[in-house]
Amino acid sequence: MSLKAHVDYVLGLADDALVSAQRLGWWISRAPQLEEDVALANIGLDQLGQARALLAHAGRLEGEGRGEDDLAHLRDDREFRNVKLVERPQEDFGVAMARMLLFSAWQTELYAALRSSADETLAAVAAKAVKEVTYHADHAVHWVVRLGDGTEESHARMQAALDAEWPWLAELFEPADAGLVAAGVAVDPPALRDAVLARVEAVVGEATLQVPQVDDAVGGGRRGLHTEALGHLLADMQHLHRSHPGASW
Amino acid sequence: MTRTPAWDVAATVPDPELPVVTIADLGILRDVTEDDRGRVHVQITPTYSGCPAMETIRDDLVDALTLAGYSQVDVELVLSPAWTTDWLTDDARTKLEAYGVAPPAARVAGAGDGPVPLSLSVRCPQCGSPDTRESSRFGSTACKSLWVCRSCREPFDHFKPL
């Protein structure tokens, strides 16, 4: 088990949560109702909290003196390890809910399994986070069912949103470093696939939607290969910190 | 946990978002140790990973213990074991209800494992009616949800089970 693989694994999970938080923050003041503004902000805050704990852990493991802010704000897009599912714009509410459905189902299974990780910090973060993402999953389920099993218009748009997000699901199940899995630090992503799909497909059925029959998108986010969207997101997220190094308030 | 004099001071620090209860009432205060040279080590745990009140609680602990005469105060954030609403004391539940926040019910093992979540009724802290509805699962802070009472028509916060 290499240290670099361990740091990269923790960074991957941290970056998933951080980028997800940033995308959710876009909805504040733009959601269809005030309660939804509050809900998406709360879910984003949970993700941000998980990201902070994981980034701090990655920095300590790495041992080069980088803290959570350095890792969040002073890395470029090729150094981010998040999956592409979370980084693309989500300026359609149906897309935001379809993505939350997929991502929270995956995070729920992932964190549940990571509770017994040999990495004690990872296990502690996971034990806390699994309870939070259960609420995120509930939220997505309510909306996907309401919109899918709603009007003709909402049904069609929810199906289109699910079709748009589904290709990015496959990347979540790309194998992790074999040494990390063998050491009991990492959860092997392919092992989560059936449980995640079972969760999601039950909701899709309840919502009277169809499981999309679409090709998988190209992965590579864990290796730093991202869509153009991540660079734009980071420019927005990082510019204040980079313009005013060391500033605090 | 040892109930040292330093614990008693730390235990008086109110929650910044729900000042009617202390951090000890909420189960956020996990451990306080002191040595014979007046140095104190405090462990606190967040309710939710992203709880923004933790920074304030840390500052308030340092202030309270410094004021009580301790020379060096060190506050550590611990994640394990993960906080649960089961750690709220009975006293905290009573105080929250009097304050207008419906306290969490004890969590039911196995509930909520299905694909479509179910929620139990929450009693209105204003009029006591069980005829209430959830208007949003997410409220003014990470730990609360928004509810409305069908009997007295008042909206209220519910400290949601975790």
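Here is how names work: the chains are called A, B, and so on, in the same order as the sequence lines, proteins then strands, and each is numbered from 1.
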message: Please classify the contact between B:S145 and chain A as side chain, backbone, both or neither, with a heavy-atom cut-off of under 4.5 Å.
response: neither

- prompt: For chain B, which of A:E35, A:E120, A:E36, A:Q47 has the most heavy-atom pairs under 4.5 Å?
  reply: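 With the most close heavy-atom pairs to chain B, the winner is A:E35.
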
task: Among the options B:S49, B:A82, B:G50, B:P46, pick out the one with the most heavy-atom pairs lying under 4.5 Å from chain A.
output: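 Looking at each of B:S49, B:A82, B:G50, B:P46 in turn, B:S49 comes out on top.
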
For the [atom1] atom of [X] and the [atom2] atom of [Y], what is their distance to the nearest 0.5 Å?
X: B:S136; Y: A:N42; atom1: OG; atom2: CG; answer: 8.0 Å
X: A:T134; Y: B:L162; atom1: OG1; atom2: CG; answer: 8.5 Å
X: B:S80; Y: A:K128; atom1: OG; atom2: NZ; answer: 10.0 Å

Sort [X] into side chain, backbone, both or neither according to what part of it lies under 4.5 angstrom from a heavy atom of chain B.
X: A:L48; result: neither
X: A:A39; result: both
X: A:V200; result: neither

Is the number of heavy atoms from other residues, nucleotides or ligands within 6.0 Å of [atom1] ([X]) greater than 12?
X: B:E76; atom1: CD; result: yes
X: A:R52; atom1: CZ; result: no
X: A:R157; atom1: CZ; result: no

message: When you measure from the side chain of A:K131 to the backbone of B:W83, do you find a donor-acceptor pair of N or O atoms at a distance under 3.5 Å?
response: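 It does hold such a pair.
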
- prompt: Is the shortest distance from a Lys or Arg side-chain nitrogen in B:R137 or A:E132 to a carboxylate oxygen in the other one below 4.0 Å?
  reply: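 Here B:R137 does not pair with A:E132 in a salt bridge, since their nearest N and O are not under 4.0 Å apart.
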
message: To check you understand the geometry: which heavy-atom pair defines the closest contact between B:P52 and A:L45, and what is its length?
response: CD-CD2, 3.9 Å

query: Do you know which two heavy atoms are closest between A:A124 and B:L79, and how far apart they sit?
result: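 Taking every non-hydrogen atom into account, CB-CB, 4.0 Å.
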
- prompt: Do the ring planes of B:F138 and A:H136 sit parallel (below 30°), tilted (30 to 60°) or perpendicular (above 60°)?
  reply: tilted

